Every structure is written in structure tokens, then in C-alpha cells.
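What you are looking at is a predicted structure, and each value in this text was computed from that prediction instead of being measured.
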There are 2 protein chains.
Amino acid sequence: MKTSAGPASFPANVTADDVAAAAGVSRWTVNRAFKKEASISPATREKVMTAARSLGYIPDLSAAALASARSNLVALLVDDFANPHKLVMLERLTRALRGRGWDTLLVNTLDRDDTAPALLNASQRRVDATILIGIQFDDEVLEAAHSARRFKKLIIFARTSENPDTISIAVDDVAATREIARYVTDRGYRRPLYVAGPRTVSAHLMRKETFLEFWRGRFGVEPDSVSVEAYDPILSAACSLELLETRPRSEHPDIIVCENDALALGVIDTIRHRLKLRVPEDIAVIGFDDVPQCESPNYRLTTYRQPLTEMANYLVDVLESTEAGNLDRTFEGQLIVRESA
Amino acid sequence: MKTSAGPASFPANVTADDVAAAAGVSRWTVNRAFKKEASISPATREKVMTAARSLGYIPDLSAAALASARSNLVALLVDDFANPHKLVMLERLTRALRGRGWDTLLVNTLDRDDTAPALLNASQRRVDATILIGIQFDDEVLEAAHSARRFKKLIIFARTSENPDTISIAVDDVAATREIARYVTDRGYRRPLYVAGPRTVSAHLMRKETFLEFWRGRFGVEPDSVSVEAYDPILSAACSLELLETRPRSEHPDIIVCENDALALGVIDTIRHRLKLRVPEDIAVIGFDDVPQCESPNYRLTTYRQPLTEMANYLVDVLESTEAGNLDRTFEGQLIVRESA
DNA sequence: ACGCCTTTTGCACGCGCGTGCAACACATTT
DNA sequence: AAATGTGTTGCACGCGCGTGCAAAAGGCGT
């Protein structure tokens, strides 16, 4: 800092010992005063807190983490910054976590091969849990996670996984997709195209599969489908353009069902601006997630909203739980009908 | 985890001592093997690394942080998740940081009064620096930061600050705004409206001020301007609608210059979809940041791109620097001309 | 006022590693 | 062969706090 000559000029680190001396108690009493459910008399606590305030003391979580088995720190691994929904998830998660005393280590898994190193990285900081909210993980990566030192809970957020070593907190993709499919048929659409994201080994969303299965069961035919290599509006715009412009109008789908909004936004751009067609009159579009842009007059996207706040709160419950049982849980979301379908 | 009975069944924590025993050296030699510029013979290092690999050892950064004065951890305080540019910044920053061995603590400053607590929170984790990339800080907050224990570097990213106790890494707002203003006049616009974000006590962007001053100097008149209370497209859409719909067409601006893209996107939505006017023919719009949506056919926004990667890399340079001098630095960006102005 | 029970307080030890220096080994020089 | 220098290795101590238990203090009834 420019106002001071160097580290030496800062007030010396004030530790619990200093506060103890000032308050006339032992160091342990000081730390106890800062613990919620500690056995300490109100008078002593007040005395300690006063001394702490005047000295500017706050407990060192880093030392606490070393001494105890808990760090109250979680790692959040993210690999997909092109999807605007990630920003929403980051907000909800960090809000829920910080509101209940947890800190968040944001780890950018830089590329496809970086997930395992990123996991190790997190474990070096003694995190109590690692949360995956991306796509680039498969069983191999999960294996790496488990061999990582001090590995504790591995939580897969907003994505279902059947891996028994992970805790999956997600919307019920099957129920949600069935609701979407029912809506699609009820509104009379009959030639759907399903636009899916990348297909990883594990942790599938089960949305595409469910939709196709529903359609087969209902109409006996397999709908068209296509995979985009990332949940990126730019890529889905390009991909859908490539697919649609080669076809005559008569072979166009009447609705495009997208695995999520990131894909749907790109698809709408293609339909409106490249093909010069109307949404929903010529081709309807439906998404998943309810990102903020859905509300925009450019999209007015019909989509399915996940109860993110509820899910984030449950995640913290999981962190604080010591139960050994299966903590997987799915949530019910809500179909948000706008004008795009 | 479901496959194991509990924490006890995990392989015991393997520490440097274990590796030392396996490799037949002292613990200190083991840790040295993991340090880049340590004085150790290649043969010994190889021996240690082999033992470490077979035991699955990796150094504990948490303990290292406690023992030394460095943690290689920074806190990133964010308060404005409505602005899509934040996601881009998060990506670039975490990429630059992690690429050079730094971990990132993401701290959501939940509301206006939470900035100071968030700062304290960060200091509890022994971060080597705190980076502010939001808006809700004023001199009072910075003061709080400085009285926080173990406070080191306070970096203001993507925002200029003259506070001598902070390090500001930002684009040169004055030069950038002048370039924008010159472009606006060169293209013949003469009735600009400036849409600014919230005005905080310190850390102004200097964009509004520079633009108004430029215009006064050039034409002798003060352009219209308005402030939106947050960098949120929804709010700027509402705000610009309220302003414009009360005016007759003849009193509309011919261009709306926005402090950043988040505001500009909302403004375009209002012009096109609420007022049913054309961009740029009726009203042109110009932004700042170059968020991904600028590229979308819905916006095609002319804007000013900050060299975020370069700025992020410089930020890491700052973290690794021990110089006492002024580390503030501004960068030159680039005007990206699209069709909106 | 005494004994018993409950609440509150104090403490030895350890979490895993870094710092700074001392000791050591080996290669080179005279 | 001894002395000098360079590179390498080992170690005492401490970072700040939590755990688990023992000691002390306070409260109650008879």
C-alpha cells in the first residue's frame, strides 16, 4: 500500500492471545466467544467481544481449518462460461453459501483436460466439498476426485448423476421433460426437432432421452434431433442454421425443443434473423433454465425454471449434514409459458 | 460417500513426513522438491516425486498459508450479477490467476451494506489480495478494508480509483470516452443522451463526466443525461422508456451513449420493442465492454472493448510484485463498430 | 453451611508446512 | 593433500486455532 512503508508498519497481527490478555481470560475462552453454540457465560462473551472489537480481532479461518477437520470452504468447478445461466447459478450458490457461513473457491477448469488437475487443486485447500456445475466430467474424472487427498463430498449441482460416490442435486429432468413434451403435444405441435448439448459419458441430463422416448410412446415415431458441442448460443445458432437451411420449408420442424436456454437463444436468432422466419408462427422454440434473457422482448422464451434458490439451500443442508445415507435429491421446477411456444 | 463407511475408511492423510520416510529423506527435502526454485539435486527430487506419486501426496496449501506469509489466494468481491460482463470478467480473471498458481475466493457481497463484512470475511482466509469488481464501495468501505486484519493489496479491477491505498487496473476511461465521443460527432450525431449507471462516492468511471465535458467543449451545450440505479438491462429499459415516451419524436436524441453494454442492451430493447423505432436510423446506441450479446443480430452493438486478458495478466503481475511504488495502470481498448451506431 | 450437580474456564498437544540457519558432501583449486 | 568454494540437506521453532478432558466456579436443596 502506498501509505505505508511496508508490511512492518501494519498493526501486528492480533491473535486470540492478544484478546485474551486484554480481556483477562484464556485464549480458549476467546475463541469460544466466537463460536455459536459454545458453552460460555453471556458476561464473559460480552467482555471478550468488547476487547476483540477494540483490538480489531477476528478469528483466522485458515488456522481453524488446519486445526480442525472442517474448513467451511467449498470448491466450485465451472467449465462453461458461455452459458448465461452460469452467472445466475453462481449468484444463487454464493448467496446461499455465504449466508450460512461458507466460503467459495471458484475454480475455472480451463480446458477439457484440466478437470482432474482442478479437482486436485481444490483438495489442496482442504475444501469440505467440491461442487461440479459444468459438463466436462466423466467417470474417469470422478475417479480422480476420489483418489485425491482429503476428498470429502462431491456434489453435482443442477445435473443428475447416478454415480454412487457423488451427491446429485438437480431438477427432476424426467418429470420436467415430460411436462414440456405434454405441453408441446397439447399445443398441437407434431414435428419437433430436439437440440441437445454435448453428450458426456456420465451425468447426462436425461432430457433428450426422455423427450424422444415420450414421443415414440405417443406417436410411434422418433423425432429429429441434433447435438451441439457446447451450451453456447453462438454454436447452436450456427448448428441450427446449417441444419435448417438445407431443408425445404415443408420439412422444417414446427417446434424446436432445446435442452437449455443457451441453445434456444441461438436457435431463435437463427430462425428470426438468418432464415427470416417467425417465432412461434413458423417455428416455435422452447428452452430450459429460464435465464434472464428469456424475459427480453427479443426472445420471450417459453422455458422451464429450476428452483435454484431451493436447490442451493438444500446444497448447504447437505454440506452441514453428517448422514451417511443417499443425499441425492431432485426438485420440481415450473414451466414458464411465454410467447415462443 | 456411499461406497465407504465414513471418513475413517479413507486413506489416512498422507503428509510430507510419510513421503520423506518412503523416500529416505527429511520432510524438508520433500517440500523442497515441490517448490519451483528450490535448491535440490535433480536425483533427489526425482526420488521424492516418485514416492509422492505412489502415495498420492500433494502439498497442503492451507498449512503452507498458515506457516508462511503468502497464501496464493485472492478474494474476488462481486456485487453485480445482473451485468453479463461479470461472467466474462470472472472467466478471464480466474483463468489468468489459476494459470499462474493463484486460487480465487468468490465473495458475493449480498447487498449494499454487506461490502465491509465481505471484506472482513475475505481477510479471515488470509488472502494475499482482495479484488473489487463491483460498484458498491466508497471511501468508507475502503477504510474498513484497511482496518481489516491481515489486509494486504486492495485491487480495483476495471474501474479507476484515485484512492492512494488501492491499486486500480482499468481501461483509460477518459481516452476511451473521447474516442467514442469523436466517433459520435464524426458520424454526425448532434443530440446525444448519456445513460449512466449509479453514481458512487469514489471509483467513478469518469465516462459520463468526460463525455459531457467533451461535448461542451465541442458544441458549447450540455447534453442530456440520466442515471440508472444499477447496471441492469431491465432497469435501463424501464428508465429509458420512461424518459423517451414522454417526449415528442422531435425531441428524441439521435444517439444514446451508454456507460456500458448492460445499459445499452436494455435501451435497444426499449427503442425497438416499446417505442417501435429503428436502431440506428431513428435512434443510434453505443455501449461499453463488448459483452457477448453485442454480437447477436438482436443488438449488433457498437461498443468499446476492454483488453481483459491483458488486464488480468497485469493483475497477476501485481500480485507477484513486491514493489512499493504506484502500481495503478490503465489500458487502451478498442472501439468495435457494429451497426447500432 | 455443606455436599452435590451443572456450567464455565483452562490447558497439553497437534494440524502440516515455511523460515533461516547450520551442517554436510562433493568438486575444484593451489 | 589440504584448503576453498558451491550446492545440497537437515532441523528447531512457530504460524493460530480446535479437541478433549480436567479443574474451577457457580447454583441449589436441605
Of Arg32(B) and Ala67(B), the one whose closest nucleotide on DNA chain D sits nearer the 5' end is Arg32(B)
Of Ala63(A) and Arg45(B), the one whose nearest nucleotide on DNA chain D sits closer to the 5' end is Arg45(B)
Can you say whether a donor on the side chain of [X] sits under 3.5 Å from an acceptor on the base of [N], or the other way round?
X	N	result
Trp28(B)	dT19(C)	yes
Arg126(A)	dG16(C)	no
Arg27(B)	dG18(C)	yes

Answer yes or no: is there a side-chain heavy-atom contact under 4.5 Å between Thr115(A) and Asp79(A)? no
Does the side chain of Ile155(B) reach to within under 4.5 Å of the side chain of Ile169(B), using non-hydrogen atoms? yes
Length of the line joining [X]:[atom1] and [N]:[atom2], which is rounded to integer Å:
X	N	atom1	atom2	result
Asn31(A)	dT19(D)	CG	P	10 Å
Asp60(A)	dC15(C)	CG	P	18 Å
Phe34(A)	dG16(D)	CZ	C1'	13 Å
Gln124(B)	dC15(D)	CD	P	19 Å
Asp17(A)	dG18(D)	CG	P	12 Å
Asp18(A)	dG16(D)	CG	C1'	11 Å
Arg125(B)	dC17(D)	CZ	P	13 Å
Lys35(B)	dT8(D)	NZ	C1'	16 Å

Starting from the 5' end of DNA chain C, give me the residue, Leu66(B) or Gly24(A), whose nearest nucleotide shows up first. Gly24(A)
State whether [X] places a side-chain N or O below 4.0 Å from either non-bridging phosphate oxygen (OP1 or OP2) of [N].
X	N	value
Thr44(B)	dT8(D)	no
Ser68(A)	dG18(D)	no
Ser41(A)	dT7(C)	no

So what does Ile40(B) hit on the nucleic acid, given a heavy-atom distance under 4.0 Å: a base, only sugar-phosphate, or nothing? sugar-phosphate
Is Ser62(A) touching bases, backbone alone, or none of the nucleic acid, heavy atoms closer than 4.0 Å? nothing
Going through the checks in order, is the side-chain contact (heavy atoms from CB on, under 4.5 Å) test met by Met89(B) and Leu76(B)? CA-CA 11 Å; Met89(B) 291 214 243; Leu76(B) 213 56; over 6 Å; no
Report the nucleotide, chosen from dT9(D), dT19(D), dC17(D), that has the shortest atom-to-atom distance to any side-chain atom of Thr15(A). dC17(D)
Taking the side chain of Ser26(B) as its heavy atoms from C-beta onward, which of dG10(C), dC11(D), dC17(C) lies nearest to it? dC11(D)
Assess whether side-chain contact (heavy atoms from CB on, under 4.5 Å) is satisfied between Arg100(A) and Asp317(A), documenting all intermediate values. CA-CA 10 Å; Arg100(A) 287 165 68 180; Asp317(A) 291 344; 2.7 Å; yes
Check: Asp128(A) main-chain N/O paired with Arg70(A) side-chain donor or acceptor under 3.5 Å: no
With sequence neighbours left out, which residue pairs that include part of residues 41-51 of chain B fulfil the salt bridge (charged side-chain N to carboxylate O under 4.0 Å, His left out) condition? Glu46(B)-Arg53(B)
